[in-house]
2 protein chains.
Amino acid sequence: MGTTISTDLIRGHTDTIILNVLRQGDSYGYEIYKKIIALSGNQYELKEATLYTAFRRLEQEECIVSYWGDETQGGRRKYYRLTDKGQEFYAQNTKDWIFAKEVLDKLILNELNSDKLALENLLEGGINNE
Amino acid sequence: MGTTISTDLIRGHTDTIILNVLRQGDSYGYEIYKKIIALSGNQYELKEATLYTAFRRLEQEECIVSYWGDETQGGRRKYYRLTDKGQEFYAQNTKDWIFAKEVLDKLILNELNSDKLALENLLEGGINNE
DNA sequence: CACATTACTTTGTCTGTCAAGGTACTATGG
DNA sequence: CCATAGTACCTTGACAGACAAAGTAATGTG
C-alpha cells in the first residue's frame with residue numbers, strides 16, 4: 001500500500017471524529033471504536049488507548065456525559081452522550097477542518113479550493129463522463 | 001475570526017510544506033518563513049523554531065542539503081536545496097495528504113470526496129454561476 | 001478447556017510544535 | 001548618534017496528543 005494515515009495526520013481530529021459518531025446517537029466505547037473503522041471504510045483505526053484518553057478529555061470539557069448501561073446479562077457498557085457544548089465544539093471543529101484543508105492545499109499542492117478547481121475544469125473542458 | 005489553524009492540525013505537514021517551497025528553487029530560512037506566510041494567503045505562520053527544527057530533521061533524513069551563501073556584504077544566509085530523496089518524500093507526502101483528506105472527510109463530515117460531490121451537484125442541478 | 005471476542009482502563013514513552021531566549025548585522029528616523 | 005525595527009541565524013525546555021503495552025473481567029465457540 002504505502003498510503004496510510006500517520007499518527008501526525010490524525011492528531012487533533014480524534015475529538016471531532018468521536019463527537020461526529022455520537023451525533024448519530026448515544027454509544028459506548030467499543031461500539032464507537034468499531035463504528036469509526038467502518039465509517040472510514042476500513043482505512044483507519046483509532047486505537048483504543050487514544051479513544052479512552054479522548055473520552056476523559058471530552059468529559060472534562062463537558063462535551064460528552066457518560067452513564068452505565070443497565071445490561072443485566074453480559075459485560076457492563078459505559079455509554080456516552082453528546083452535550084450541547086459538544087455539539088457546538090463539533091460545529092466549530094468542522095469549520096476549522098474545512099479552513100485547514102484549504103490552507104494546506106495551498107501550502108502542499110499550491111492549489112486553490114478543490115471544488116473551485118473541479119468547477120473550473122468543468123466550465124473549460126465541458127462534462128466528460130469518465 | 002475564530003477559524004484558525006491549530007498546532008495539531010498542522011502537525012506532520014511542516015516537512016511537506018517546506019519541501020514544497022524548495023521545489024521552486026533553493027532558498028534560505030528567513031525567506032522560506034516569509035514565503036510560507038505568503039503562500040497561505042497570510043492565513044498561517046510557521047513559527048521559526050518549528051522551521052529550524054524541521055531543517056535539522058530534513059537534513060538528517062537527507063531530504064535537503066545546506067550551503068552558506070557567498071554574501072560579501074550583509075548577514076550570512078544558509079541556503080537549502082531539495083535532494084532527489086526529498087522530492088520522493090514530497091511526492092509520497094502529497095499522496096498521503098490527499099488520502100488523509102478523503103478519510104477525514106468521511107470521519108468528520110460523513111462525506112464522500114468533495115470533488116465527486118461538486119460533480120454530482122453539477123450533474124443534478126445544472127450549472128449556476130454564483 | 002483454550003482461544004477469540006467483547007468491554008473497559010491506566011501508565012509511560014515518543015514526537016512535533018513553539019514560547020522564550022539568545023546572537024549579530026543593517027537600515028532608518030529622530 | 002542612538003534607538004528601533006528588520007533581516008538572519010539558532011537552541012532549549014515545556015507541553016500535549018497518540019498509542020504501545022499491559023492489565024482486568026466477562027462471554028462465546030470450537
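Being a predicted model, the structure only gives us computed values, none of them experimental. All values below come from the heavy atoms of this structure, side chains included, with hydrogens, waters and symmetry mates left out. Sequence lines set the chain letters: A, B, ... in the order given, protein chains first and strands last, and positions in each chain run from 1.
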Under 3.5 Å, is there a donor on one side chain and an acceptor on the other for [X] and [Y]?
X	Y	answer
B:N93	B:D15	no
B:E48	B:Y30	no
A:Y67	A:D26	yes

Going by heavy atoms in the side chains, are [X] and [Y] under 4.5 Å from each other?
X	Y	value
B:T14	B:R57	yes
A:I37	A:Y44	no
A:I36	A:L51	yes

Sugar-phosphate only, base, or nothing, as touched by A:E31 at under 4.0 Å among non-hydrogen atoms: nothing

Touch class at under 4.0 angstrom, heavy-atom based, for A:Y28 against every strand present: sugar-phosphate

Can you tell me how far [atom2] of [N] sits from [atom1] of [X], to the nearest Å?
X	N	atom1	atom2	answer
A:R56	D:dC19	CZ	C1'	16 Å
A:L58	C:dT9	CG	C1'	16 Å
B:R77	D:dA8	CZ	C1'	8 Å
B:F55	D:dC10	CZ	P	8 Å
B:E48	D:dT12	CD	P	17 Å
A:W68	D:dA26	CH2	C1'	13 Å
A:L51	C:dT9	CG	P	10 Å
A:L9	D:dA18	CG	P	12 Å

Summary of protein contacts for nucleotides 12-20 of chain C, nucleotide by nucleotide, where a base hit scores B, a sugar-phosphate-only hit scores S (4.0 Å, heavy atoms): ---BBBBBB

Can you tell me if the side-chain N/O atoms of [X] get under 4.0 Å from OP1 or OP2 in [N]?
X	N	answer
A:Y33	C:dA7	no
B:Y52	D:dT11	no
B:K34	D:dT7	yes

Given B:Y79, B:Y33, B:Y52, the one that forms ring-ring contact (aromatic ring centres under 6.0 Å, His included) with B:Y28: B:Y79

Expected output: side-chain B:N20 to main-chain A:L107 donor-acceptor under 3.5 Å: yes

Relative orientation of the end axes in the helix from C:dC1-D:dG30 to C:dG30-D:dC1, expressed as an angle to the nearest 10° (five pairs per end): 10°

Parallel, tilted or perpendicular: ring planes of B:W97 versus B:H13, cut at 30 and 60 degrees: perpendicular

Nearest listed nucleotide, side chain of A:Y30, among C:dT10, C:dT5, D:dT7: C:dT5

